[in-house]
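Counting starts at 1 for both ligands and their atoms, following the listed order.
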Amino acid sequence: MLGPVILAASRSDRMRRLISAAPVTKQVVDRFIPGETVADIVPIIKDLTAKGLELTMDVVGEDITTPEQATAARDAYLALIDHLKDLGLGERVEMSVKLSMFGQALEGGHELALANVRPVVEAAAAIGTTVTLDAEDHTTLDSMFAIHEELRKDFPQTGCVIQAYLFRTEADARRLAESGSRVRLVKGAYKEPAEVAYQQKHEIDKAYVRILRTLMEGEGYPMIGSHDPRLIAIAQELAHKAGRKLDEYEFQMLYGIRGDEHLRLAAEGHRMRVYTAYGTDWYGYFMRRLAEKPANLRFFLRSMVSKG
Ligand SMILES: Cc1cc2nc3c(=O)[nH]c(=O)nc-3n(C[C@H](O)[C@H](O)[C@H](O)COP(=O)(O)OP(=O)(O)OC[C@H]3O[C@@H](n4cnc5c(N)ncnc54)[C@H](O)[C@@H]3O)c2cc1C
């Protein structure tokens with residue numbers, strides 16, 4: 001019940017100001033967003049890759065309002081890619097981008113986002129890695145898929161995300177399960193209306209399994225974005241049934257959530273990629289993490305009361 005309320009708050013400027021300014025917020029935020037700058041994040045990248053994990057990096061900041069901010073977002077990713085090149089970690093670390101941060105919601109946003117994301121995809125390819133387009137709320141997805149298709153003409157390895165809670169996703173998965181495609185399947189983290197999305201957890205989980213089967217039986221490269229132990233076990237079973245080898249799919253989880261499981265799956269020989277967010281504009285990302293698990297909200301509120 002709390003999830004939708006928190007997701008609504010994630011769109012409120014007043015709540016953003018309140019929560020961002022709370023004295024204890026940063027300590028709780030650090031669990032999910034472990035740094036603000038490239039300098040903060042480089043030791044984490046080194047540590048996780050040394051443990052046998054791969055990463056996908058998200059420079060947080062989705063609610064931009066000017067084209068200059070979109071250009072700054074592009075430049076932040078380009079600077080990160082430069083660092084990865086120097087570290088020689090290009091092949092272990094990919095980029096996750098939200099097109100809203102590249103200007104998608106501004107006037108002429110589709111073209112603007114495409115123009116801003118293309119240099120990032122080019123720079124990533126030059127150091128041997130890839131970019132995955134995150135899925136945001138359902139109103140942005142036609143544009144995201146069109147940009148994905150456009151980028152794939154030159155960079156076929158560009159990935160995208162599909163969300164099991166949306167009714168449209170089974171059809172999207174069939175279209176995307178083709179040779180060379182990289183598709184991350186997640187449950188979905190936004191507040192979506194009943195006209196477009198399943199609302200009940202059991203319906204979303206069932207849809208996840210149907211879509212996962214399509215991806216596993218298809219020709220592409222499935223990326224299982226979930227912490228759900230049941231779905232992870234089902235994914236392993238479906239991969240086995242589809243005759244996939246361990247390097248023909250991968251698991252992905254968020255930094256700060258079920259860290260032991262990251263290591264367990266990697267130790268079993270799975271490719272395990274940790275989605276690692278960093279940056280200063282963490283509000284939207286943080287609120288979605290609170291919404292996913294009410295215990296996080298309780299912990300957050302308790303720390304405000306005890307320290308405030
Ligand atoms: C790599 C990755 C990329 C993602 N990219 C996108 C995207 O592009 N678009 C999008 O809409 N969504 C994205 N998501 C979020 C996703 O949609 C879900 O909201 C999120 O993964 C929670 O769902 P779950 O599959 O882990 O299952 P759940 O049933 O929500 O969780 C299963 C278990 O995982 C643990 N857990 C899950 N979430 C949390 C949390 N926040 N804090 C603490 N424990 C938790 C709990 O133990 C829980 O019982 C992404 C998720 C991952 C893992």
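Criterion: ILVMFWY side-chain heavy atoms under 4.5 Å apart, direct or through other members. Under it, Leu141 and Leu99 are part of a common hydrophobic cluster.
How far CD1 of Ile45 is from CG of Leu84: 5.0 Å, rounded to the nearest 0.5 Å.
When the salt bridge (charged side-chain N to carboxylate O under 4.0 Å, His left out) test is applied to Lys46, no partner is found at least two apart in sequence or on another chain. Listed by chain and residue number, Lys51 satisfy the side chain to side chain donor-acceptor pair (under 3.5 Å) test with Asp47 (two or more places apart in sequence, or in another chain).
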Considering only N or O atoms, set out every pair between ligand 1 and the protein closer than 3.5 Å, with distances to one decimal place.
unit_1	atom_1	unit_2	atom_2	d
ligand 1	5 (N)	Arg184	NH1	3.2
ligand 1	8 (O)	Ala135	N	3.1
ligand 1	9 (N)	Ala135	O	2.8
ligand 1	11 (O)	Gln163	NE2	2.9
ligand 1	11 (O)	Ala189	N	2.9
ligand 1	17 (O)	Gly188	N	2.7
ligand 1	19 (O)	Glu292	OE2	2.6
ligand 1	25 (O)	Ser226	OG	2.7
ligand 1	26 (O)	His227	N	2.9
ligand 1	26 (O)	His227	ND1	2.7
ligand 1	27 (O)	Lys187	NZ	3.0
ligand 1	29 (O)	Lys187	NZ	2.7
ligand 1	29 (O)	Lys201	NZ	3.1
ligand 1	41 (N)	Arg289	O	2.9
ligand 1	41 (N)	Glu292	OE1	2.9
ligand 1	41 (N)	Asn296	ND2	3.4
ligand 1	42 (N)	Asn296	ND2	2.7

Which pairs of donor and acceptor atoms, one on a side chain in residues 227-234, lie under 3.5 Å apart (sequence neighbours left out)?
unit_1	atom_1	unit_2	atom_2	d
His227	NE2	Leu254	N	3.0
Asp228	OD1	Arg230	N	3.1
Asp228	OD2	Lys187	NZ	2.8

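Between Glu292 and Arg289 there is a salt bridge, since a side-chain N of the basic residue sits under 4.0 Å from a carboxylate O of the acidic one.
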